Amino acid sequence: MRSFDRSYTKEEFVQRLRKIKEKGWIPSGRSRENVGAVGNTLEDLLGIKENNLPIANAGAWELKSQRSDTSSLTTLFHFEPWPRQAKIVPKILLPKYGWPHQTEVNEMSFRVTMSGDRYTDRGFKVVVDRAKEQVRINFDASHVDSNHNDWLKEVERKAGLGKIDPEPYWPFDKLEAKTRPKLKNSFYLVAKTQIMDDKEQFLYETCLMLEDFNFGKLLSAIENGFVLVDFDAKTTHNHGTKFRMKQDMWPKLYNIVERVF
């Protein structure tokens, strides 16, 4: 476990980050296969434990980082939908709306990433219902691609072609209570990468200071398809329902965005 000789003010921590930028290209502290190496290396350079920034009198802060060339999604948190007593994923979505697993025999799969700005090819969409104060999952058979006609016939047989009953949803108040401690004030860094002598190197070229998380902005990000809902279940195991975000969308969730470099 790493320890600190003292806490830093926010301004002092900014200076530490700027000195890292001045170092130029820095060898990774992890293997090339480690997707979190860009963040792990930064933590090593700062001498900090993950998500435990030694900043005095500045509230709760996190350190977020990414490679500049990545298109992968970041998992914000896991959160199963309401109504909880219905056990919607294993009892409704998987058996009634699932499809045969691609590689495992006798396994059904419900693995799909849903957006708020468009329907999937199987007719699912995330809806921000401000009147009911819910984020919910909508199914619309009219948006199912013709490639899935056989699957749609099975859905009709098992559940009908109306709305999911009951519809999966997350109450605004529960969602805000979940997100606020997870989406703290953050330093957000982007690094270029290169390979030298079969070793990955990072150049930390961009740093933003993100303050004052805004739940309303999160709802807008869901509506606009920047934050997505990811279901990942199969017959023998539910890997959990996740809210995931496109990497470069972090600044859209905060009231105060200040460029450090």
Side-chain angles (χ1 to χ4, degrees), residues 71-172 174-175 178-179 216-247 249 252:
S71 59
S72 61
L73 299 174
T74 295
T75 298
L76 299 177
F77 48 83
H78 291 68
F79 208 25
E80 295 303 311
W82 269 254
R84 290 294 175 82
Q85 67 273 17
K87 297 182 179 179
I88 284 179
V89 176
K91 298 294 185 182
I92 296 175
L93 295 181
L94 184 61
K96 295 183 178 181
Y97 295 87
W99 47 88
H101 196 281
Q102 286 187 338
T103 58
E104 300 184 31
V105 180
N106 297 324
E107 286 271 345
M108 293 295 287
S109 173
F110 190 78
R111 188 176 187 181
V112 56
T113 299
M114 303 180 189
S115 172
D117 64 340
R118 63 176 64 87
Y119 283 90
T120 70
D121 59 355
R122 293 183 190 266
F124 297 104
K125 184 180 180 182
V126 184
V127 175
V128 176
D129 190 332
R130 297 177 187 274
K132 293 184 178 180
E133 296 190 343
Q134 296 175 352
V135 173
R136 55 185 173 82
I137 301 300
N138 175 249
F139 171 70
D140 188 334
S142 68
H143 288 276
V144 176
D145 189 275
S146 59
N147 291 331
H148 299 305
N149 281 343
D150 289 343
W151 168 80
L152 187 60
K153 290 177 182 177
E154 282 297 296
V155 171
E156 184 175 18
R157 181 179 68 84
K158 296 175 181 177
L161 297 183
K163 293 183 178 180
I164 304 169
D165 185 22
E167 272 193 319
Y169 73 95
W170 293 265
F172 279 8
K174 302 294 185 184
L175 191 58
K178 182 76 170 182
T179 56
K217 290 187 176 184
L218 174 68
L219 295 179
S220 295
I222 294 172
E223 287 176 318
N224 291 313
F226 303 144
V227 172
L228 305 102
V229 177
D230 186 271
F231 290 88
D232 187 6
K234 61 181 182 179
T235 303
T236 54
H237 185 65
N238 177 15
H239 292 277
T241 305
K242 297 177 282 289
F243 281 73
R244 307 180 75 197
M245 185 169 65
K246 295 179 179 179
Q247 291 274 16
M249 293 295 114
K252 291 187 176 294

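All figures in this text were calculated on a predicted structure; none of them were measured in a lab.
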Note, V144 side chain near D121 side chain (heavy atom, < 4.5 Å): no
Inter- and intrachain pairs under salt bridge (charged side-chain N to carboxylate O under 4.0 Å, His left out), touching residues 217-233, at least two apart: R111-D232, R130-E223, D230-K242, D230-R244
Residues, nucleotides or ligands: over 12 heavy atoms within 6.0 Å of K91 NZ: no
Pair Y97 + F139: ring centers closer than 6.0 Å: yes
Nearest-0.5 Å distance that lies between atom CE in M245 and atom CD1 in I222: 11.0 Å
W151 side-chain N/O to G98 backbone N/O, donor-acceptor pair under 3.5 Å: yes
Check: S115 and N224 side chains under 4.5 Å, non-hydrogen atoms: no
Aromatic plane relationship, F110 with F124 - under 30° parallel, 30 to 60° tilted, over 60° perpendicular: perpendicular
Gap between atom CG of N106 and atom OG1 of T235 - 0.5 Å precision: 8.5 Å
N149, CG: over 12 other non-hydrogen atoms inside 6.0 angstrom: yes
Side-chain touch V135/V127, heavy atoms, less than 4.5 angstrom: no
Distance in Å, T113 OG1 paired with F231 CZ, rounded so as to fall on 0.5 Å steps: 10.0 Å
Over all atoms of both residues, closest heavy-atom pair of Q247 and S72: CG-O, 2.8 Å
T120 side-chain N/O to R122 backbone N/O, donor-acceptor pair under 3.5 Å: yes
Between N138 and Y119, a side-chain donor and acceptor under 3.5 Å: yes
Minimum heavy-atom distance between F77 and K178, given as atom pair plus value: CD1-CG, 3.9 Å
Heavy-atom closest pair, residues P166 and I92: CD-CD1, 3.3 Å
W82 and P171, any side-chain heavy atoms less than 4.5 Å apart: yes
Within 45° cone of W170 ring axis and under 6.0 Å: R136 NZ or CZ: no
All salt bridge (Lys or Arg N to Asp or Glu O under 4.0 Å) counterparts of E156, not counting sequence neighbours: none
Heavy-atom donor-acceptor pair, E80 side chain to T241 backbone, under 3.5 Å: yes
Nearest heavy atoms of A233 and L94, plus distance in Å: O-CD1, 3.9 Å
Between CG on residue D140 and NZ on residue K163, distance to nearest 0.5 Å: 9.5 Å
For E104, all residues meeting side chain to side chain donor-acceptor pair (under 3.5 Å), sequence neighbours excluded: K234
Distance in Å, M249 CE paired with L73 CG, rounded so as to fall on 0.5 Å steps: 11.0 Å
Under 3.5 Å side-chain donor-acceptor pair for T236 and E107: yes
Side-chain donor or acceptor of D145 paired with backbone N/O of H148 under 3.5 Å: no
Closest contact, heavy atoms only, T75 versus H78: CG2-CE1, 4.1 Å
